[in-house]
Amino acid sequence: MTTMTETSARFREFKMPDVGEGLTEAEILKWFVQPGDTVTDGQVVCEVETAKAAVELPIPFDGVVHELRFPEGTTVDVGQVIIAIDVAPGSGDAPAPAAAAPAQEPVEAPEAEAGPKGRTPVLVGYGVAETSTKRRPRKGAAAAPEAAAVAAAVQAELNGHGAPAPAPAAASPTGAPAGGRPLAKPPVRKLAKDLGIDLATVVPTGKDGIITREDVHVAAAPAASEAPAAVASPVAPQAPAAAVPAAASDSARETRIPVKGVRKAIAQAMVGSAFTAPHVTEFVTVDVTRTMKLVAELKEDKDMAGVRVNPLLIIAKALLVAIKRNPEVNAAWDEADQEIVQKHYVNLGIAAATPRGLIVPNIKDAHDKTLPQLAEALGELVTTARDGKTSPAAMAGGTVTITNVGVFGVDTGTPILNPGESAILAVGAIKLQPWVHKGKVKPRQVTTLALSFDHRLVDGELGSKVLADVAAILEQPKRLITWA
């Protein structure tokens, strides 16, 4: 989409672009420029966080910053102007900025782009909503009268932007406002319909009485709310749960953290995966002493100079060999067409902990890479993720994932599949343990592997073969050669 407009021959405006496929909004994390600063074509002016990653935005023209339309910490819809640039400084007096940053209101998009029948961007899979564009209310704005609040919530529901009514008192203990329709976004309504849930009976936990996907799942399976905490995935740590605000809160005793951006996307993806793909997890404990010896030898090998060699590298290569021997595991479920889509390539996901949460970038075409190339790709992937520079494209298109919970001293886990993927391998801590080796009990390096897979397309036999092959390679790494 176009991300800049011309307000005159002198001033040009830069809009919030869709930096990822189908995203509708982004939060401005940091401005790198201020009014009066000179900028050049390609210069990064701000950093924004979407539901997928933090991304730096470059300005596409030269000039002097005239106005920043939003302060840091503001969530801005895709297509809204975020910065105005004077491309002909000194040619005349510039008009004053619309408002000072502390009290800025979001600026409405031009009439040509947001008229009575504007095209409101929505999430991929739900089409384009033909509605009037509605702006998210600024935090701290005065509460509107009750009738206006309910109308705003209903409009927000229709256009899919999630802007709730500012008066929670208008909501009943369930999701229905007093005498009105339950407040929920279209995807949540569809989920409730598919599960046979009456939204009027659902207790909302979203802000200002809006029903969330989690609320619908709780209503569909009340027992799930009493399940032990062990269901949390090591691939995506649980985000702080939404709760109905208490009448009074002691700020010294608890902290409330808004769930948004990457962490919000992780939470939604994991809930969706857990309730749509039937998970099966299998475990195997294996002696990896020979693998650890191979790692030590490779660290001294001149062909591996300049790249990081660790057990994860060998485990990744072992999984790729196992997939080559059992290609049916590398697939995806197409719900719309009721088909299994066989993938003839492997985009290997690696779960990486970052300050913004746990993300899963993937190594494209990992199956074609030599061991040194795979080591280099792993190193770049982890470094980029920890620096917060992972792009949305780097996280798209994964087929199979590895999550290394062993780095935290954990023996194993039951990982939840990333949406659209067929399997995920959890690697536990490698520990020195007593082990029967050649008929005698000896201290050996031992670890436990766990493989979760989508039982719609991977049956028990296939999943077991893949896990057994990975274990066999780690026990006898020479199979990397004989089986490759």
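Taking every heavy atom of both residues into account, G428 and V405 meet most closely at CA-CG2, 4.2 Å. Taking both residues in full, the closest heavy atoms of L417 and S452 are given as CD2-O, 3.6 Å, listed atom of the first, atom of the second, then distance. Scanning all heavy atoms of the two residues, the minimum distance from A450 to T412 falls at CB-OG1, 3.3 Å. Taking all atoms of both residues into account, the shortest heavy-atom contact from A429 to T447 is O-OG1, 3.3 Å. Closest heavy-atom contact between M16 and V76: CE-CB, 4.0 Å.
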Evaluate the criterion side chain to side chain donor-acceptor pair (under 3.5 Å) for residue pair D198 and T201; output intermediate values, then yes/no. CA-CA 6 Å; D198 182 359; T201 66; 5.2 Å; no
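Under a 3.5 Å cut-off, the side chain of E300 and the backbone N or O of E297 do not form any donor-acceptor pair. Between the side chain of E47 and the backbone N or O of I28, no donor-acceptor pair lies under 3.5 Å. With hydrogens and angles ignored, the 3.5 Å screen pairs a side-chain donor or acceptor of D215 with a backbone N or O of T205.
The pair D454-R456 counts as a salt bridge, with a side-chain nitrogen and a carboxylate oxygen less than 4.0 angstrom apart.
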Result block: side-chain N/O donor-acceptor pairs under 3.5 angstrom for residues 327-336, not counting sequence neighbours:
from : atom 1 : to   : atom 2 : distance (Å)
N330 : OD1    : T399 : OG1    : 3.1
N330 : ND2    : K343 : O      : 3.1
N330 : ND2    : Y345 : O      : 2.5
W333 : NE1    : E335 : OE1    : 2.9
D334 : OD1    : A336 : N      : 3.1
D334 : OD1    : D337 : N      : 3.1
E335 : OE2    : Q338 : NE2    : 3.2

Do any side-chain atoms of residues 365-375 form donor-acceptor pairs under 3.5 angstrom with protein atoms, and if so which ones, sequence neighbours left out?
from : atom 1 : to   : atom 2 : distance (Å)
H367 : ND1    : V346 : N      : 3.2
T370 : OG1    : Q373 : N      : 3.3
T370 : OG1    : Q373 : OE1    : 3.4
Q373 : OE1    : T370 : N      : 2.9

Can you give the donor-acceptor pairs under 3.5 Å from side chains of residues 458-475 to other protein atoms, not counting sequence neighbours?
from : atom 1 : to   : atom 2 : distance (Å)
D459 : OD1    : E461 : N      : 3.3
D459 : OD1    : L462 : N      : 2.9
E461 : OE2    : K465 : NZ     : 3.4
S464 : OG     : E282 : OE1    : 2.9
S464 : OG     : E282 : OE2    : 3.0
S464 : OG     : G460 : O      : 2.7
D469 : OD2    : R325 : NE     : 3.0
D469 : OD2    : N326 : ND2    : 3.0

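Counting only residues at least two apart or in different chains, side-chain hydrogen bond (donor to acceptor under 3.5 Å, both in side chains) contacts with residues 301-320 are absent. Counting only residues at least two apart or on different chains, the salt bridge (Lys or Arg N to Asp or Glu O under 4.0 Å) pairs with a member in residues 424-448 are D287-R444, D411-K431.
Between the side chains of T448 and T285, a donor-acceptor pair is found at a separation under 3.5 Å. Side-chain contact check for D387 and T384: no donor-acceptor pair (N or O, by modelled atom type) lies under 3.5 Å. A donor atom on one side chain and an acceptor atom on the other are found under 3.5 Å apart for N418 and T401.
In this structure, CG on L294 lies 11.0 Å from NZ on K299, to the nearest 0.5 angstrom.
Under the side chain to side chain donor-acceptor pair (under 3.5 Å) criterion, T291 pairs with no residue, sequence neighbours left out.
Counting heavy atoms from C-beta on, the side chains of V446 and V288 never come closer than 4.5 Å.
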